[in-house]
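Here the structure is laid out as structure tokens; the discussion comes afterwards.
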2 protein chains.
Amino acid sequence: MPHDIVKDFGYLTLGTRLRRLGEMVQANTQLIMQQHGIDLPAAHYPFLAAIDRNGPLTVGELADVIGISQPGATRTIGQLAEAGLLDLSVSDGDQRRKQVSLTKAGQDLVDYSTREVWPGVEAAVRNLCTDLDGSFLDQLASIEDGLKLRPLIERMKEDKETK
Amino acid sequence: MPHDIVKDFGYLTLGTRLRRLGEMVQANTQLIMQQHGIDLPAAHYPFLAAIDRNGPLTVGELADVIGISQPGATRTIGQLAEAGLLDLSVSDGDQRRKQVSLTKAGQDLVDYSTREVWPGVEAAVRNLCTDLDGSFLDQLASIEDGLKLRPLIERMKEDKETK
DNA sequence: ACCATTTATATAACTCGTTATATAAATTCA
DNA sequence: TGAATTTATATAACGAGTTATATAAATGGT
């Protein structure tokens, strides 16, 4: 196995490493879903899952709950609408806003996935995280919260001040 | 703070969540480097660091040690060469291979960063990961190794078999 | 010596994130 | 009431990853 420099650099290249691992996990998840005959990209299903859980959401709300930029959400929503899984309609009270909801096909896909696909994916990823020292999900949550609370640039300044 | 559906779904959306966090950490790292007057994208410096550490590498070797695809490495190497930080030359023994090395400017940037910038970045990220339950880097290593050892699709099959 | 196969890299095309900006609609203020 | 400002979304352009494929060079087999 070739030398892994991103791993070698530890904290310095954590961002690159997390992205890389995220892409690997997404690619693996993709394979499982394809085996079930589902061609949905891994990055798309939080959109369907969010609406299934919360009911119709606006474009901006979807961006917020998924944690990506609004133009990014707009694009993916457009793709899912084109695939016939999502439906867009202008909000009654505010014509700027667009309401995003599941189509029948979208709801069917979510129901099928909830029953037949996602539990397997979830169990496989859980299996991968077994035997770790401490809860990986809790650590991710701590890091996410910590980053929002005090960005790296502040942490660097504080670190210099304590030295 | 709006509801975070990617977090809610835990293991199911781990891939998306890791990518998202990776992008956040990279963006934060970017800000620190910009404060030092360095416009290098966060994803570029593993290239410089790898060559600084190992001496000149081929395109394929760089892709391997950084953990990305060969066309991805080709593109970034081209950009860094255009920025005057890397130099490409055909290998003596094999005209297919291209040797990638640091230019004077590239070496200067790495030396400066190693002295003035990267320790601060490293300390800030370490600070972010303080107070976690268990070593986050070790957990990442375990997950990476585990994924290579047995991809998710195998883990899903095994999980079904044990039930 | 020649042909088939393999290897290394470049290019094309795609996805999915970003920021910047444009456009339309709603709100606020004087 | 009208203009300025704010808000919601779409589009453009970019970066950085991917897969597929093309091209060139090296290797191996007969």
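Lettering follows sequence order; numbering is per chain, from 1.
Salt-bridge formation is not detected for the pair Asp111(A)/Lys104(A): no Lys NZ or Arg NE/NH1/NH2 atom is positioned less than 4.0 Å from an Asp or Glu carboxylate oxygen. A salt bridge links Arg97(B) to Asp94(B): at least one charged side-chain nitrogen sits closer than 4.0 Å to a carboxylate oxygen.
Atom P of nucleotide dT18(C) and atom CD of Gln26(B) are separated by 12 Å, given to the nearest angstrom. Arg97(A) places its CZ atom 17 Å from the P atom of dT6(D), with the value rounded to the nearest Å. Following rounding to the nearest Å, Leu18(A) (CG) and dG17(C) (P) show an atom-to-atom distance of 16 Å. The CG-P distance, from Leu21(B) to dG17(C), rounds to 15 Å in whole Å. What separates CZ of Arg17(B) from P of dG17(C) is a distance of 16 Å, to the nearest Å. For the pair Leu88(B) CG and dA10(C) C1', the interatomic distance rounds to 12 Å; values are reported in whole Å. In this structure, Gln79(B) atom CD and dC14(D) atom C1' are separated by 10 Å, rounded to whole Å. We find that CG of Leu62(B) is positioned 11 Å from P of dA10(C), with the value rounded to whole Å.
Mapping Phe47(A) and Lys98(B) onto DNA chain C via the closest heavy atom, the residue that lands nearer the 5' end is Lys98(B). Between Thr16(A) and Gly72(A), the residue whose closest nucleotide on DNA chain D is further toward the 5' end is Gly72(A). Residue Gly60(A) is the one, among Gly60(A) and Arg19(A), whose nearest nucleotide of DNA chain D lies closer to the 5' end (criterion: closest heavy atom).
Donor-acceptor pairing under 3.5 Å, judged by distance alone, is absent between the side chain of Arg96(B) and the base of dT9(C). Between the side chain of Arg75(B) and the base of dG17(D), a donor-acceptor pair under 3.5 Å is found. Judged by distance alone with a 3.5 Å cut-off, a donor-acceptor contact links the side chain of Gln70(B) to the base of dA10(C).
Looking at the side chain of Pro71(A), the nearest of the listed nucleotides dC16(C), dT9(D), dA20(C) is dA20(C). Nearest nucleotide to the Ile68(B) side chain, out of dA25(C), dT18(D), dA8(C): dT18(D). Listed nucleotides: dG17(D), dA26(D), dT9(D). Nearest to the side chain of Gln95(B): dA26(D).
The phosphate of dT18(C) (OP1 or OP2) has a side-chain N or O of Ser69(A) nearer than 4.0 angstrom. Taking side-chain N and O atoms only, His44(B) has no distance below 4.0 Å to OP1 or OP2 of dG15(D).
Among the atoms of the strands shown, only primed sugar atoms or phosphate atoms (P, OP1, OP2) are found under 4.0 Å from some heavy atom of Pro41(A). Note on Glu23(A): only backbone sugar-phosphate atoms sit closer than 4.0 angstrom, heavy atoms only; bases stay farther off. Among the atoms of the strands shown, none is found under 4.0 Å from any heavy atom of Arg20(B).
When every heavy atom of Gly15(A) is checked against every heavy atom of Gln26(B), the shortest pair comes out as C-CG, 3.8 Å.
Counting only distance, with no hydrogens or angles, the side chain of Gln30(A) and the backbone of Leu40(A) share a donor-acceptor pair below 3.5 Å.
Sorted by first and then second residue, the pairs that involve residues 115-126 of chain B and meet side-chain hydrogen bond (donor to acceptor under 3.5 Å, both in side chains), not counting sequence neighbours, are Glu122(B)-Arg126(B).
Test Asp87(B), Leu57(B), Leu62(B), Thr58(B) against Val100(B) for side chain to side chain contact (heavy atoms under 4.5 Å, CB included) and you get one pass: Leu62(B).
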